[in-house]
Trainee: 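I have a structure here, written as structure tokens, and I will follow up with some questions on it.
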Amino acid sequence: MKSEVQVITCPKCGSKQEFTLYRSINAANHDIREKFLDGSLTMLVCDNCGFSGAVEYPLLYHDLNEKFSLYFQPDSTERTISLPNVLPAHLLSEIRMRLVHTQDDMREKIFIFRDKLDDRIIELVKDSILKEMEAKKEKIIPEALYYAEDRFACEGRSLIFVPRLGTEYLDPIKIPFETYEKIKMLMHVIWERPVEGYTVVDKEWIRV
């Protein structure tokens, strides 16, 4: 767990205050992990004027139990990067490494891998949902969907997605888990595509 204290300037009032940046997060640290997931870890609240906003900086997230590693690189358009010496050499072949450019994308990847799902299949499911909404000429077509939860209930298992339109998050969408399984079977060719280094796996990746 790597952290450092920096002086941050409030973008609203110009007041300066100290802020702790966590450059690397180990999922085994429950408190830090949960603070990142609820947004409070990277949220600046100005002591002077009360302004609040997310502080964006490069961040590495490891979960060796679930065998994945994420690198958050804001203000970047890179699709693949190499980060030498950040993972144990003997685990490299087992770890899923992903590059993300927004905190929402990073949290989504954590939820996906936490629930033991495949993010490539999730991207295909999201693409299918949006295409169906467009075909039905729905009044509101979200700009993005974020996986949130693998839900078990009396009526069966379902996957929950949160739509986003601009800066607004809309009511969740529930999809039967069978949809995930069906797409997984139909798109078996996707397993032939290698994912090397820290790579962005998103709607663009599945269309290449």
Side-chain angles (χ1 to χ4, degrees), residues 25 27 33-43 54 56 59 61 63 65-74 76-77 79 96-191 193 195 198-208:
I25 296 175
R33 181 190 71 210
E34 291 305 309
K35 284 180 180 179
F36 176 75
L37 290 176
D38 68 24
S40 61
L41 190 72
T42 56
M43 184 67 65
E56 306 260 274
L59 170 63
Y61 183 100
D63 190 327
N65 286 332
E66 297 297 337
K67 293 184 169 52
F68 71 90
S69 179
L70 309 172
Y71 185 61
F72 171 49
Q73 186 181 48
S76 171
T77 58
R79 302 286 300 176
R96 293 163 292 182
M97 293 176 280
R98 298 293 187 264
L99 173 66
V100 296
H101 297 312
T102 73
Q103 292 190 30
D104 278 344
D105 288 339
M106 192 168 197
R107 293 185 184 97
E108 180 190 46
K109 295 294 182 186
I110 293 171
F111 294 146
I112 291 170
F113 293 141
R114 173 203 63 186
D115 291 344
K116 304 184 187 306
L117 300 172
D118 191 302
D119 60 333
R120 297 169 295 180
I121 304 303
I122 290 294
E123 289 300 330
L124 289 165
V125 171
K126 292 194 293 185
D127 188 59
S128 175
I129 295 170
L130 291 173
K131 285 180 177 177
E132 184 176 351
M133 295 176 76
E134 291 170 358
K136 291 181 178 179
K137 297 183 178 179
E138 300 274 3
K139 290 183 179 180
I140 298 177
I141 306 295
E143 295 173 5
L145 294 173
Y146 294 100
Y147 171 80
E149 182 185 357
D150 185 357
R151 181 178 296 174
F152 295 83
C154 295
E155 64 271 19
R157 186 179 181 184
S158 57
L159 302 181
I160 309 300
F161 295 86
V162 177
R164 178 179 58 78
L165 185 62
T167 58
E168 182 181 358
Y169 295 90
L170 311 177
D171 292 337
I173 296 173
K174 182 167 66 173
I175 302 296
F177 185 74
E178 288 77 13
T179 301
Y180 175 93
E181 292 185 311
K182 186 182 296 183
I183 290 177
K184 181 178 179 178
M185 291 178 62
L186 292 173
M187 298 300 293
H188 57 87
V189 70
I190 202 169
W191 311 123
R193 290 191 56 200
V195 182
Y198 285 84
T199 298
V200 175
V201 172
D202 58 5
K203 63 182 180 182
E204 293 182 32
W205 187 89
I206 64 172
R207 291 172 182 169
V208 174

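Sequential numbering from 1 along the given sequence is applied to the chain's residues.
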Trainee: Can you check whether Gly166's main-chain N or O pairs, donor with acceptor, with Arg164's side chain at less than 3.5 Å?
Mentor: yes
Trainee: Passes side chain to side chain contact (heavy atoms under 4.5 Å, CB included), Leu159 versus Asp115? Steps please.
Mentor: CA-CA 10 Å; Leu159 302 181; Asp115 291 344; over 6 Å; no
Trainee: For the residue pair Arg107 and Gly39, what are the closest heavy atoms and their distance?
Mentor: NH2-CA, 3.4 Å
Trainee: Determine whether more than 12 heavy atoms belonging to other residues, nucleotides or ligands lie under 6.0 Å from atom CG of Asp38.
Mentor: yes
Trainee: Starting at CG of Leu37, measure out to CZ of Phe111 and round the result to the nearest 0.5 Å.
Mentor: 5.0 Å
Trainee: Which pair of non-hydrogen atoms, one from Val162 and one from Leu170, has the smallest distance, and what is that distance?
Mentor: CG1-O, 4.0 Å
Trainee: For Leu165 and Pro142, work out which heavy atoms get closest and say how close.
Mentor: CD1-CA, 4.3 Å
Trainee: For Asp105 and Phe72, what are the C-alpha separation, side-chain angles and deciding distance, and is it a side chain to side chain contact (heavy atoms under 4.5 Å, CB included)?
Mentor: CA-CA 9 Å; Asp105 288 339; Phe72 171 49; over 6 Å; no
Trainee: May I ask you to test the Ile110-Leu70 pair for a side-chain heavy-atom distance under 4.5 Å?
Mentor: yes
Trainee: Would you find more than 12 non-hydrogen atoms of other residues, nucleotides or ligands less than 6.0 Å from Ile140 atom CD1?
Mentor: no
Trainee: Would you mind reporting whether Arg151 and Arg157 have side-chain heavy atoms less than 4.5 Å apart?
Mentor: no
Trainee: Could you grab the distance from atom OG1 of Thr42 to atom CD of Gln103, nearest 0.5 Å is fine?
Mentor: 3.5 Å
Trainee: With the side chain counted from C-beta on, respond yes when Met106 and Phe36 share a heavy-atom pair under 4.5 Å apart, and no when they do not.
Mentor: yes
Trainee: Got a second to check how far Leu124's CG is from Trp205's CH2, nearest 0.5 Å?
Mentor: 8.0 Å
Trainee: Kindly check if the number of other-residue, nucleotide or ligand heavy atoms within 6.0 Å of CD (Glu143) is above 12?
Mentor: yes
Trainee: Under a 4.0 Å N-O cut-off, is there an ion pair linking Arg79 with Asp202?
Mentor: yes
Trainee: Would you give the length of the straight line joining atom CD1 of Ile25 to atom OH of Tyr61, rounded to the nearest 0.5 angstrom?
Mentor: 7.0 Å
Trainee: To the closest 0.5 Å, what do you measure between CG (Asp118) and CZ (Phe113)?
Mentor: 7.0 Å
Trainee: Give a yes or no answer on whether the side chain of Lys203 reaches the backbone of Lys126 with a donor-acceptor pair at less than 3.5 Å.
Mentor: no
Trainee: So does Arg114 get a backbone contact from the side chain of Glu66, meaning a donor-acceptor N/O pair under 3.5 Å?
Mentor: no
Trainee: For Leu117 and Phe177, what are the C-alpha separation, side-chain angles and deciding distance, and is it a side chain to side chain contact (heavy atoms under 4.5 Å, CB included)?
Mentor: CA-CA 11 Å; Leu117 300 172; Phe177 185 74; 4.0 Å; yes
Trainee: Rounded to the nearest 0.5 Å, how far apart are CG of Asp127 and CG of Leu145?
Mentor: 10.0 Å
Trainee: Could you tell me whether the side chain of Phe161 reaches within less than 4.5 Å of the side chain of Ile175, counting heavy atoms only?
Mentor: yes
Trainee: If the threshold is 4.0 Å, N to carboxylate O, is there a salt bridge linking Glu155 and Lys174?
Mentor: yes
Trainee: Answer yes if the side chains of Tyr169 and Asp104 hold a donor-acceptor pair under 3.5 Å, and no otherwise.
Mentor: yes
Trainee: Less than 4.5 Å apart, side chain to side chain, heavy atoms only: is that true for Val195 and Arg96?
Mentor: no
Trainee: Quick one: do His101 and Thr77 satisfy side chain to side chain contact (heavy atoms under 4.5 Å, CB included)? Show the steps, please.
Mentor: CA-CA 8 Å; His101 297 312; Thr77 58; 5.8 Å; no
